[in-house]
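Below, each value reflects all heavy atoms present in this structure, side chains not excepted, and no hydrogens, waters or symmetry copies. These figures come from a predicted structure and were not determined experimentally.
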Amino acid sequence: MTTTQTQTQTTTGRNARIRRFTVAGIATAGAAAATLALAPSPAQAAAPAVTKAPTVKTAVNAKTYSDDLDGWIRQSLDIMKSRGIPGSYEGLHRNIMRESSGNPAAQNNTDINAVNGTPSKGLLQVIQPTFDAYHVSGTSQSLTDPVANITAAANYAADRYGSIDNVDSAY
């Protein structure tokens, strides 16, 4: 055997022993740590066995929205995104300004829908049957609720025109 072969065998054997000792050491240390973590301290042993969970729930990454046109559009866009309804801030804003000037209580009492007893209402001037058919779960059941109105109208526009972004006149 050459000197190089002897050194390689010695190194290989040494590395194998180190690996065995390291794995054994980690396993022993892990078991000891688990035992320490699971064994209650005297103070913990005196604590009652049942503790109540906090009653207040906090949403992870909960968003807050302003109670104005900007906030309503942003909240609606987040709902739309989660439901796969296409649309943009610009498309929603443009249509809202044309339909209601941003007034969530707007109501058209003069068009054919009003004459037929179903006036257009809300930010995007939706009639009740359209709202009912395109309402998005998780939003208010009220036609004049700003977020519900925007989201239902965008859902309708997506079905009829591909997106609220494609609407440039009364729809």
Side-chain angles (χ1 to χ4, degrees), residues 22-23 26-27 29-31 33-38 40 44 47-171:
T22 303
V23 171
I26 291 171
T35 302
L36 289 174
L38 296 175
Q44 290 171 324
V50 178
T51 57
K52 289 185 177 182
T55 56
V56 178
K57 292 184 180 180
T58 56
V60 176
N61 296 326
K63 279 189 170 181
T64 56
Y65 303 92
S66 56
D67 190 22
D68 59 10
L69 184 57
D70 179 69
W72 302 326
I73 292 173
R74 291 184 190 286
Q75 185 175 1
S76 184
L77 282 168
D78 283 345
I79 294 166
M80 290 165 55
K81 182 178 179 182
S82 74
R83 300 298 198 304
I85 302 169
S88 69
Y89 187 100
E90 190 279 326
L92 290 170
H93 189 268
R94 174 175 33 86
N95 282 287
I96 289 168
M97 296 313 291
R98 184 188 65 252
E99 293 291 337
S100 67
S101 299
N103 177 3
Q107 181 170 317
N108 185 338
N109 292 315
T110 60
D111 71 358
I112 190 64
N113 292 316
V115 170
N116 291 333
T118 312
S120 304
K121 297 178 182 180
L123 291 169
L124 282 166
Q125 294 296 283
V126 180
I127 60 174
Q128 191 68 52
T130 302
F131 179 82
D132 293 341
Y134 289 92
H135 175 259
V136 176
S137 64
T139 64
S140 170
Q141 292 289 332
S142 172
L143 171 62
T144 56
D145 175 83
V147 174
N149 186 277
I150 293 169
T151 310
N155 194 22
Y156 166 76
D159 185 48
R160 180 131 180 160
Y161 305 103
S163 172
I164 192 73
D165 296 342
N166 299 331
V167 177
D168 291 315
S169 63
Y171 61 110

Would you check if the side chain of [X] reaches a backbone N or O of [Y] as a donor-acceptor pair within less than 3.5 Å?
| X | Y | result |
| --- | --- | --- |
| Asn116 | Thr118 | no |
| His135 | Ser140 | yes |
| Asp145 | Thr139 | no |

Measuring only between side-chain heavy atoms, which start at C-beta, is [X] closer than 4.5 Å to [Y]?
| X | Y | value |
| --- | --- | --- |
| Val136 | Met80 | no |
| Val126 | Tyr134 | no |
| Ile127 | Ser120 | yes |

Could you give the distance from [atom1] ([X]) to [atom2] ([Y]), rounded to the nearest 0.5 Å?
| X | Y | atom1 | atom2 | value |
| --- | --- | --- | --- | --- |
| Leu124 | Leu92 | CG | CG | 7.0 Å |
| Arg98 | Asn95 | CZ | CG | 4.0 Å |
| Gln125 | Leu123 | CD | CG | 8.5 Å |
| Gln128 | Leu143 | CD | CG | 5.0 Å |
| His93 | Ile150 | NE2 | CD1 | 10.0 Å |
| Tyr89 | Ile96 | OH | CD1 | 8.0 Å |

For [X] and [Y], which heavy atoms make the closest approach, and how far apart are they?
| X | Y | value |
| --- | --- | --- |
| Gly122 | Asn149 | CA-ND2, 3.6 Å |
| Phe131 | Ala152 | CD1-CB, 3.6 Å |
| Pro104 | Pro146 | CB-CG, 3.9 Å |
| Ile164 | Gly91 | CG1-O, 4.2 Å |
| Leu77 | Gly87 | CD2-O, 3.6 Å |
| Asn109 | Ala114 | C-CB, 3.4 Å |

Quick one: do Asp78 and Tyr65 satisfy side-chain contact (heavy atoms from CB on, under 4.5 Å)? Show the steps, please. CA-CA 11 Å; Asp78 283 345; Tyr65 303 92; 2.4 Å; yes
Please step through salt bridge (charged side-chain N to carboxylate O under 4.0 Å, His left out) for the pair Arg94 and Asp168, ending with a clear verdict. CA-CA 8 Å; Arg94 174 175 33 86; Asp168 291 315; 2.7 Å; yes
Could you go step by step and tell me if Thr144 and Gln107 meet the side-chain contact (heavy atoms from CB on, under 4.5 Å) rule? CA-CA 9 Å; Thr144 56; Gln107 181 170 317; over 6 Å; no
As a quick check of understanding, evaluate side chain to side chain donor-acceptor pair (under 3.5 Å) for Ser66 and Asp68, giving each step before the final call. CA-CA 6 Å; Ser66 56; Asp68 59 10; 2.5 Å; yes
